[in-house]
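Everything below concerns the one structure shown next.
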There are 2 protein chains.
Amino acid sequence: MGVTIKDIAKLANVSHTTVSRALNNSPLIKENTKRKIIEIANQLNYSPDVHARSLVLQKSYTIGLFLTRLSNGTSSSFLAETIKGVNSVIDENYNLYVRGIQDFQDFSAITRKRFDGIILMSQSDIDNAFIYHVLEKEIPLVVLNRQVEERSIVNVLSNDQEGVYEAINLFIENGHRNIALIEGTSHFRSSQERKEGYIKALIDFKLPILQEYMVKGNYDMESGYKAMKKLLALENPPTAVFCSNDDMAIGAMKAVNDAGLFVGADFSIIGFDDIGFSEYTSPALTTVKRPIEKISMVGAQKLLQLMDDVIEENEPIYLTTNLVKRQSVVDLNKKNS
Amino acid sequence: MGVTIKDIAKLANVSHTTVSRALNNSPLIKENTKRKIIEIANQLNYSPDVHARSLVLQKSYTIGLFLTRLSNGTSSSFLAETIKGVNSVIDENYNLYVRGIQDFQDFSAITRKRFDGIILMSQSDIDNAFIYHVLEKEIPLVVLNRQVEERSIVNVLSNDQEGVYEAINLFIENGHRNIALIEGTSHFRSSQERKEGYIKALIDFKLPILQEYMVKGNYDMESGYKAMKKLLALENPPTAVFCSNDDMAIGAMKAVNDAGLFVGADFSIIGFDDIGFSEYTSPALTTVKRPIEKISMVGAQKLLQLMDDVIEENEPIYLTTNLVKRQSVVDLNKKNS
DNA sequence: CTGTTAGCGCGTTCAT
DNA sequence: ATGAACGCGCTAACAG
């Protein structure tokens with residue numbers, strides 16, 4: 001069934017070693033025989049047995065892409081962009097093994113033999129245990145999206161705090177003073193980062209920090225909807241709400257609409273991520289663009305380097321967010337004048 | 001670095017053969033020694049070398065999940081649901097290799113050795129070449145989402161035509177007569193299926209089929225937006241539009257809004273897929289739910305069976321779509337009365 | 001430049 | 001019930 005180098009060797013009247021070398025383009029082989037061997041290989045439609053090669057080379061040609069979870073709190077676009085980003089960088093000879101960490105009972109199957117390298121799209125502190133395991137096994141590791149204490153780890157992420165700060169700043173420029181926050185999943189690091197950006201901005205602009213203006217969500221649309229309902233029911237409701245991701249912003253917009261108000265006219269919302277849909281909501285959603293696909297690409301590139309040379313500079317790499325202004329923020333200055 | 005069965009053998013004062021058998025729970029080994037060996041293995045944190053095992057067992061523990069493309073025409077939710085569905089069925093010992101077919105120059109790397117089985121989420125006829133290759137290599141194959149001629153292939157899909165028919169039916173029940181269609185990517189089979197459902201319904205209800213009411217799109221939001229603009233600019237614009245997927249429906253809704261009209265009041269839209277967002281558009285989008293995650297799960301299960309027993313019944317498996325009625329369809333009967 | 005030999009880690013006859 | 005020897009397909013020393 002499978003053609004092996006031995007088969008080729010027979011036909012070419014050489015040893016299987018010569019075939020191996022020829023196919024690997026070794027300079028030790030005469031151009032002539034090399035050509036002959038390659039010819040035969042093509043004719044026989046030969047393709048090497050990856051497992052035999054892996055076994056002797058101690059290399060698996062497999063990269064593990066792990067997310068904290070695959071469902072519940074991981075939006076589709078987040079997952080898709082991550083995979084696309086990584087896939088666009090690593091070549092087809094590599095297997096890309098995609099899993100959620102939560103799927104694992106124990107990590108005994110995560111070995112150096114099995115993975116040449118691991119990319120962790122980390123959303124929460126709860127995968128620290130995973131990180132330690134990988135570190136202990138000395139598998140090259142890149143952690144994306146969440147700052148990690150260990151200096152030895154390559155870390156690629158976006159500066160969420162700054163992004164949120166800009167968003168709040170935009171609200172303030174537009175005359176808003178009652179600015180609320182819908183938070184992400186509580187133990188996700190990103191939720192905390194964004195909350196801190198919110199609080200920092202309020203402090204800098206000397207605005208009061210109100211408990212009732214900080215409502216918990218869990219990054220899905222429904223939670224955004226519910227959170228907004230709560231805010232709207234307040235005695236002194238906000239005029240503007242920052243949502244910790246776009247999914248929740250879309251839920252929130254729905255709640256505003258259901259209350260008979262119009263986003264962009266009566267009420268202001270800013271989201272986070274800039275998923276594809278945010279351009280097509282009505283009105284189009286102003287949001288903080290987070291470069292997930294870019295982060296994944298850079299992360300994958302870093303991992304490839306790490307697998308080769310062992311790079312030293314382990315400074316976290318920050319990719320900047322940027323504020324995409326669309327139509328979901330009301331300018332109170334104009335409105336009142 | 002890596003613990004092997006030989007290491008365990010030494011410590012247990014047995015041969016590596018015995019260790020192998022013990023770890024594979026062979027009945028040939030005394031319970032006593034078996035326990036001892038397992039004990040040592042745990043202590044040493046042993047985990048088998050997958051490549052060595054693959055080499056000797058001729059089994060790769062890898063399942064290939066291929067999509068026609070990963071970007072351009074493949075929506076995020078589609079990709080994400082597919083992966084989630086497959087992942088939920090296959091256990092963690094399996095690698096899941098995810099790729100777009102378009103990434104491949106040639107298929108020589110797609111071998112029986114490398115993949116125990118392949119799931120193809122097929123979106124277009126253009127991957128027929130891929131299918132033939134896989135078939136020729138005798139790799140167990142399940143094709144999802146698109147009907148395939150070969151009887152020998154396990155085929156899991158949804159009955160799109162019927163789903164669309166139901167949607168058009170709903171329009172008609174609500175008094176609509178000028179019903180347009182926004183089509184999906186032109187060479188995708190799903191686009192044709194849905195178009196056929198549309199035409200079939202029009203014929204059955206004795207409505208005229210107008211060229212100008214069938215506008216091409218490519219499954220992304222922007223194309224839906226543009227297509228709707230065209231329809232709105234018609235001399236005799238439709239009152240209702242079926243969009244071949246939800247992404248385009250969302251684009252179309254945006255176009256309606258931009259024209260100063262209100263979906264659900266002045267204009268009717270139905271989408272296809274029921275992606276997460278469609279519940280949160282304003283108004284909530286009526287749509288034909290297609291069970292992508294379910295299809296993927298069933299497909300994965302079938303593949304596992306196929307890899308074991310070689311199942312015979314190769315009838316295509318149809319999973320039913322169902323119409324999710326929300327608020328994007330106007331009832332003309334009520335309105336006019 | 002090419003061939004001989006060995007070995008990667010594992011499972012599997014064939015002995016005993 | 002256990003072990004010795006072999007082979008999966010490949011690469012890498014070591015000769016020549």
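Only this structure's heavy atoms are used, side chains among them; waters, hydrogens and symmetry mates stay out. What you see is a predicted model, and the numbers here were worked out from it, not measured in a lab.
For B/Asp7 (side chain) and B/Val3 (main-chain N/O), no donor-acceptor pair under 3.5 Å exists by modelled atom type. Remark: side-chain polar atoms of A/Ser296 are paired, donor with acceptor, to backbone N or O of A/Ile292 under 3.5 angstrom. Looking only at distances, no side-chain donor or acceptor of B/Asn145 sits under 3.5 Å from a matching main-chain atom of B/Met121. Between the side chain of A/Ser47 and the backbone N or O of B/Ala109 there is no donor-acceptor pair closer than 3.5 Å. Within the 3.5 Å criterion, the main-chain N or O of B/Leu144 finds no donor-acceptor partner in the side chain of B/Ser122. For the pair A/Ser60 (side chain) and A/Asp116 (backbone), a donor-acceptor distance under 3.5 Å is present. A donor-acceptor contact shorter than 3.5 Å is absent between the side chain of A/His187 and the backbone of A/Asp125.
For the segment residues 29-40 of chain A, the set of residues with a heavy atom within less than 4.0 Å of an atom of DNA chain C comprises A/Ile29, A/Lys30, A/Thr33, in numerical order.
Looking at residues two or more places apart in sequence or on another chain, you find a salt bridge (charged side-chain N to carboxylate O under 4.0 Å, His left out) between B/Arg99 and B/Asp103.
The environment of NZ in A/Lys6 is sparse: at most 12 heavy-atom neighbours from other residues, nucleotides or ligands sit within 6.0 Å. The local environment of NZ in B/Lys10 is sparse, with at most 12 non-hydrogen atoms from other residues, nucleotides or ligands closer than 6.0 Å.
In this model, the phosphate group of C/dT2 is not approached by any side-chain N or O of A/Ser15 to a distance below 4.0 Å at OP1 or OP2.
Nearest-nucleotide positions on DNA chain D place B/Leu28 closer to the 5' end than the other of B/Ala52 and B/Leu28. Two residues, B/Val14 and A/Thr4, neighbour DNA chain D, and the one matched to the more 5' nucleotide by heavy-atom proximity is B/Val14.
Overall, the helix from C/dC1-D/dG16 to C/dT16-D/dA1 carries an axis bend of 40° between its ends, with five pairs at each end and the value rounded to 10°.
Proximity of the aromatic rings of B/Phe107 and B/Phe130 is defined here by a centroid distance below 6.0 angstrom, and this criterion is met.
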In B/S/- notation (B base, S sugar-phosphate only, - none; protein heavy atoms under 4.0 Å), nucleotides 11-16 of chain C written 5' to 3' is BBB---
Point to revise | Candidate pair A/Lys34 and A/Glu31, rule salt bridge (charged side-chain N to carboxylate O under 4.0 Å, His left out), full reasoning | key: CA-CA 5 Å; A/Lys34 203 183 275 186; A/Glu31 273 306 319; 3.8 Å; yes
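Residue pairs meeting the salt bridge (charged side-chain N to carboxylate O under 4.0 Å, His left out) criterion with at least one member in residues 38-50 of chain B, sequence neighbours excluded: A/Lys113-B/Asp49.
Here chain B contacts DNA chain D (any atom closer than 4.0 Å to a heavy atom, that is under 4.0 Å), and the contacts span D/dA1 to D/dG9 from 5' to 3'.
Taking atom NZ of residue B/Lys59 and atom C1' of nucleotide C/dC10, one finds them 15 Å apart after rounding to whole Å.
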